[in-house]
Novice: 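Mind having a look at this structure? Questions to follow.
Just so it is clear: chains get the letters A, B, ... in the order the sequence lines come, proteins before strands, and each one is counted from 1. What you see is a predicted model; the values in this text were computed from it and never measured.
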2 protein chains.
Amino acid sequence: MSMHYVSVARARTTSDAFNAVAEPRRRQILLYLAHDERQVGEIVEATGLNQPSVSKHLGVLRRVNLVRVRRNGRHRLYRTNAAAIRPLHEWTQTFEQYWRHQLIRVKERAEAAMKREPSASDSPRFDPSR
Amino acid sequence: MSMHYVSVARARTTSDAFNAVAEPRRRQILLYLAHDERQVGEIVEATGLNQPSVSKHLGVLRRVNLVRVRRNGRHRLYRTNAAAIRPLHEWTQTFEQYWRHQLIRVKERAEAAMKREPSASDSPRFDPSR
DNA sequence: TTGACATATTCCCATATGAGCATGCATTAT
DNA sequence: ATAATGCATGCTCATATGGGAATATGTCAA
């Protein structure tokens, strides 16, 4: 029997979409490639990064399937694979109900305060709603 | 004049919500704390992590405002601050139009193929839509 | 005051990167 | 064939963590 994981000192990054997107430059690249495909040189120019850095970021994005590549002569045309961002969207969406809840409570409290003492600073006593 | 950034060898992590959420354990904690507040001990039990690890993850989440704390005696009650997740939701949402586009194109192609040769494997020649 | 509890911090270690530089690899031009 | 062009990789360095163990802090109980 072989131990595949002896000790994971630090969680593997760049192994999933969440990690790939955590890097600001990569988010920048994803936005840049969202509308239409571009060759690496264009990305280098657009981001101001040097070519190797761009290639490496593209490598990470490629591995997690956040971009698609297409070869054309000696160029490579990259493009954002928007579908791969959907899981992130859905994960964040699971919290939507909670922030809506928060907003509603804030609003209700504001209105209640308004009713008690119109145009006066709030004097928080206790909150019966909790 | 002072140089604030001498050399950033690696982009600062745990400095924004994107990075905080990139860590699986922290996502797990956020979900756990989304519904209602819990004390650290409960999080430790729920996640199976040891207490210091949990405290450290909570520290990161606290710094980027993804959780709120409330002291109660010798306990600390944590709770997810869902509102802080909204920016992530909105970022991912900017890509929604693109993945919808993709889905539509896939669907159209499928229907077009269906019309040409009902129930036959697709023979991709060229794509006039691009 | 002395302890027991609940958490947060600090230290040390192994590992993962990101950036910069140099180099390897195709593919096209001459 | 040879050079030039466009990218991908490899290597080194500095730094950021995450996990685990030990320790510090703060609060309530006896």
Novice: Using distance alone, with no hydrogens and no angle criterion, decide if A:R26 and A:H57 have a side-chain donor and acceptor under 3.5 Å apart.
Specialist: yes

Novice: Please figure out whether A:Q51 or A:N72 has its closest DNA chain C nucleotide nearer the 5' end.
Specialist: A:Q51

Novice: To the nearest Å, how far apart are B:Q28 CD and D:dG18 C1'?
Specialist: 15 Å

Novice: Do the charged groups of A:R86 and A:E90 touch, with an N to O distance under 4.0 Å?
Specialist: yes

Novice: Between C1' on C:dG18 and CZ on A:R27, what's the gap in Å once rounded to a whole number?
Specialist: 15 Å

Novice: Whole angstroms only, please: what is the NZ-P distance between B:K56 and D:dG20?
Specialist: 9 Å

Novice: So, does B:H75 get its side chain near the phosphate of D:dC28, meaning an N or O under 4.0 Å from OP1 or OP2?
Specialist: no

Novice: Could you check whether B:K115 pairs with B:E111 (Lys NZ or Arg NE/NH1/NH2 to Asp/Glu carboxylate O, under 4.0 Å)?
Specialist: no

Novice: In whole Å, what is the span from the CZ atom of A:R71 to the P atom of D:dT5?
Specialist: 19 Å

Novice: Rounded to whole angstrom units, what separation is found between the CD1 atom of A:I29 and the C1' atom of C:dG18?
Specialist: 12 Å

Novice: Under 4.0 Å: is that the gap between some side-chain N or O of B:R74 and OP1 or OP2 of C:dA4?
Specialist: no

Novice: Is A:H57 close enough to C:dA19 that one of its side-chain N or O atoms is under 4.0 Å from OP1 or OP2 there?
Specialist: yes

Novice: Rounding to an integer number of Å, can you tell me how far A:E23 CD sits from D:dT15 C1'?
Specialist: 14 Å

Novice: Send over the distance from B:N50 CG to C:dA6 P, rounded to a whole Å.
Specialist: 16 Å

Novice: So which one's nearest nucleotide on DNA chain C is more toward 5', A:G73 or A:R25?
Specialist: A:R25

Novice: The side chain of B:L49 lies closest to which of these nucleotides: C:dT27, D:dT9, D:dG19?
Specialist: D:dG19

Novice: Salt bridge between B:R27 and B:E23, side-chain N to carboxylate O under 4.0 Å?
Specialist: no

Novice: With a 4.0 Å cutoff (strictly under), does any side-chain N or O of A:Y78 reach OP1 or OP2 of D:dG6?
Specialist: no

